[in-house]
Number of protein chains: 2
Amino acid sequence: MEDKHDLFGKCPFITAQKIIAGKWAVVILHNLSLKTLRFGELQRLLPDLTQATLTKQLRSLEEYGLVNRHVFPQVPPKVEYSLTDIGKEFRIVLDSVSIWGEKYIEHAKLLEAAQK
Amino acid sequence: MEDKHDLFGKCPFITAQKIIAGKWAVVILHNLSLKTLRFGELQRLLPDLTQATLTKQLRSLEEYGLVNRHVFPQVPPKVEYSLTDIGKEFRIVLDSVSIWGEKYIEHAKLLEAAQK
DNA sequence: CTGCATCCTTTGAGATACTG
DNA sequence: CAGTATCTCAAAGGATGCAG
């Protein structure tokens with residue numbers, strides 16, 4: 001993957017695009033914005049992606065500095081994921097996406113109904 | 001590509017994710033939010049994507065109902081792209097992405113500086 | 001000027017099996 | 001419990017050439 005730190009001089013849209021490009025990035029950030037979660041908890045909240053995929057997405061977000069990975073040295077292992085400061089600031093994006101998404105779904109429903 | 005209208009019952013994050021998944025979707029929407037643009041103008045603003053790719057991205061946004069395509073029956077042809085109503089509402093997302101993106105870039109710069 | 005058709009390459013999600 | 005290692009497959013993006 002491309003160097004995660006080669007993001008300078010880019011417009012904020014391109015920078016953001018790269019970070020949230022992952023198919024599950026936004027949904028993961030949304031869930032972590034509500035609560036610190038263990039790997040397994042996250043997996044249960046998102047039953048549509050496999051372990052391998054979830055791991056990859058989390059690693060990516062971690063490399064970009066949006067997510068903290070806290071490993072508890074135990075047996076069995078326990079790993080908690082939470083948002084970093086800059087990750088928490090992403091909330092303003094999550095909020096607007098949520099608002100717009102709802103509007104869009106409503107809009108699509110109306111269109112659908114009108115076509116019948 | 002998946003049916004663009006099978007978006008019901010999904011959470012707004014997943015819906016939004018599908019729409020803006022395209023590598024250039026957000027940047028294109030940003031430019032169109034500032035001004036109605038002809039195909040060639042858009043291309044000059046985004047020199048990093050080819051004609052074919054730009055066409056595909058625009059078609060996708062058009063199918064999702066965010067972009068209007070206005071063809072002027074002329075020779076040579078002239079085509080203008082603008083945002084639909086629901087496309088214009090996407091502005092709240094664009095604004096928050098812009099704000100967060102700037103913060104992130106600033107944050108990354110500070111990190112970089114601290115490591116030297 | 002706009003953009004389609006074709007081909008090619010790369011990316012990345014998903015499935016599966018295995019490990020400390 | 002929380003991963004890692006491979007593999008496969010589909011999709012996206014890009015390059016190029018042609019057309020109305």
Side-chain angles (χ1 to χ4, degrees), chain A residues 1-4 6 10 13-14 17-29 31-32 35-64 67-82, chain B residues 1-4 6-7 10 13-29 31-32 36-64 67-82:
Chain A
M1 193 175 285
E2 179 179 352
D3 179 13
K4 309 275 184 181
D6 184 22
K10 301 281 175 62
F13 297 104
I14 294 183
Q17 205 287 330
K18 289 190 181 177
I19 295 173
I20 63 173
K23 189 171 174 181
W24 301 98
V26 174
V27 190
I28 291 173
L29 290 172
N31 280 286
L32 289 181
K35 190 170 173 297
T36 291
L37 292 168
R38 294 183 58 173
F39 186 87
E41 294 176 311
L42 211 37
Q43 212 183 336
R44 255 166 272 126
L45 289 169
L46 306 169
D48 289 343
L49 78 180
T50 60
Q51 269 186 354
T53 304
L54 179 55
T55 300
K56 281 183 220 164
Q57 304 277 322
L58 285 168
R59 287 285 176 287
S60 173
L61 292 172
E62 196 190 347
E63 285 181 57
Y64 277 121
V67 164
N68 278 321
R69 181 163 171 267
H70 186 184
V71 182
F72 295 83
Q74 304 176 350
V75 177
K78 170 178 170 180
V79 181
E80 279 189 353
Y81 291 90
S82 60
Chain B
M1 194 175 285
E2 180 178 352
D3 179 13
K4 309 273 186 183
D6 184 23
L7 252 27
K10 302 282 176 59
F13 296 106
I14 293 182
T15 300
Q17 205 287 329
K18 289 190 182 179
I19 296 173
I20 64 173
K23 190 170 172 181
W24 300 98
V26 174
V27 190
I28 290 173
L29 290 173
N31 280 285
L32 289 182
T36 292
L37 292 167
R38 296 184 57 176
F39 185 87
E41 295 176 310
L42 210 38
Q43 212 184 335
R44 256 166 271 127
L45 289 169
L46 305 168
D48 289 344
L49 77 180
T50 60
Q51 272 184 353
T53 303
L54 179 55
T55 300
K56 282 183 217 167
Q57 303 276 323
L58 285 169
R59 284 289 174 285
S60 173
L61 292 172
E62 196 190 348
E63 284 181 60
Y64 277 121
V67 164
N68 278 319
R69 180 161 171 269
H70 186 186
V71 181
F72 295 83
Q74 303 176 351
V75 177
K78 169 179 170 181
V79 182
E80 279 189 354
Y81 291 90
S82 60

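Bear in mind the structure is a predicted one, so any value in this text is a computation, not a measurement. A, B, ... follow the sequence lines: proteins, then strands. Residue 1 opens every chain.
- One distance of note links CG of B:Leu58 with CG of B:Leu32; it measures 7.0 Å at 0.5 Å rounding.
- Proximity of A:Tyr81 to the phosphate of D:dC1: no side-chain N or O atom is located under 4.0 Å from OP1 or OP2.
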Task: Working for side-chain contact (heavy atoms from CB on, under 4.5 Å), residues B:Gln17 and A:Trp24 - done: CA-CA 8 Å; B:Gln17 205 287 329; A:Trp24 301 98; over 6 Å; no
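- Residues A:Ile28 and A:Gln57 approach most closely at CD1-CB, 3.7 Å, considering heavy atoms.
- Residue B:Leu46 contributes atom CG, which lies 14 Å from atom P of C:dT2 at whole-angstrom precision.
- Rounded to an integer number of Å, the gap from CD of A:Gln17 to P of C:dG12 is 10 Å.
- Comparing B:Leu49 and A:Glu80 along DNA chain D, the residue whose closest nucleotide (by nearest heavy atom) sits nearer the 5' end is A:Glu80.
- The residue A:Gln57 sits close only to the backbone: its heavy atoms come under 4.0 Å of sugar-phosphate atoms, none of a base.
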Counting only pairs under 3.5 Å, give me each side-chain donor-acceptor contact of residues 37-46 of chain B, with atom names and distances, residues two or more places apart or in other chains.
| residue | atom | partner | partner atom | Å |
| --- | --- | --- | --- | --- |
| B:Glu41 | OE1 | B:Arg38 | N | 2.6 |

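- Checking D:dG3, C:dT2, D:dA2 against every side-chain atom of A:Arg38, the shortest atom distance belongs to D:dA2.
- Taking atom CG of residue B:Leu37 and atom P of nucleotide C:dT2, one finds them 11 Å apart after rounding to whole Å.
- Atoms CD1 and CD, from B:Ile19 and B:Glu63 in turn, are 11.5 Å apart once rounded to the nearest 0.5 Å.
- Scanning for side chain to side chain donor-acceptor pair (under 3.5 Å) contacts around A:Thr50 gives A:Thr53, with sequence neighbours left out.
- Regarding B:Phe39, its CZ atom lies at a distance of 7 Å from the P atom of C:dT2, rounded to whole Å.
- Remark on the helix from C:dC1-D:dG20 to C:dG20-D:dC1: inter-end axis angle 50°, axes from five-pair C1' superpositions, rounded to 10°.
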N/O-N/O pairs, protein side and nucleotides 5-11 of chain C side, under 3.5 Å:
none

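- Counting non-hydrogen atoms under 4.0 angstrom, B:Thr53 reaches a base of the nucleic acid.
- One can place CG of A:Leu54 at 14 Å from P of D:dC1, the figure rounded to the nearest angstrom.
- Judged as a ring pair (Phe, Tyr, Trp, His ring centres under 6.0 Å), and not counting sequence neighbours, the contacts of B:Phe13 are A:His30.
- Ranking D:dC1, C:dG14, D:dG3 by closeness to the A:Lys23 side chain, first place goes to C:dG14.
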At a cut-off of 3.5 Å, list every protein nitrogen or oxygen paired with a nitrogen or oxygen from nucleotides 18-20 of chain D, distance to 0.1 Å.
none

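- Nearest to the side-chain atoms of A:Arg59 among the listed nucleotides D:dG3, C:dT2, C:dC4 stands D:dG3.
- Nucleic acid contact for B:Phe72: none, since no nucleic acid atom lies under 4.0 Å from a heavy atom of the residue.
- Residues B:Val67 and B:Leu29 are in side-chain contact: their nearest non-hydrogen atoms beyond the backbone lie under 4.5 Å apart.
- When all heavy atoms of B:Arg69 and B:Tyr81 are compared, the closest pair comes out as NE-OH, 3.3 Å.
- In this structure, B:Leu42 places its CG atom 13 Å from C1' of C:dG3, rounding to the nearest Å.
- Between B:Arg69 and C:dT2, a side-chain N or O to OP1/OP2 separation shorter than 4.0 Å is absent.
- Atom CG in A:Leu61 sits about 13 Å away from atom P in C:dG12, given to the nearest Å.
- Atom CG in B:Leu58 sits roughly 15 Å away from atom P in D:dA12 (whole-Å rounding).
- Of the two residues near DNA chain C, A:Trp24 and B:Gln43, the one whose nearest nucleotide lies more 5' is B:Gln43.
- Rounding to the nearest 0.5 Å places NE2 of B:His70 at 10.5 Å from OG1 of B:Thr36.
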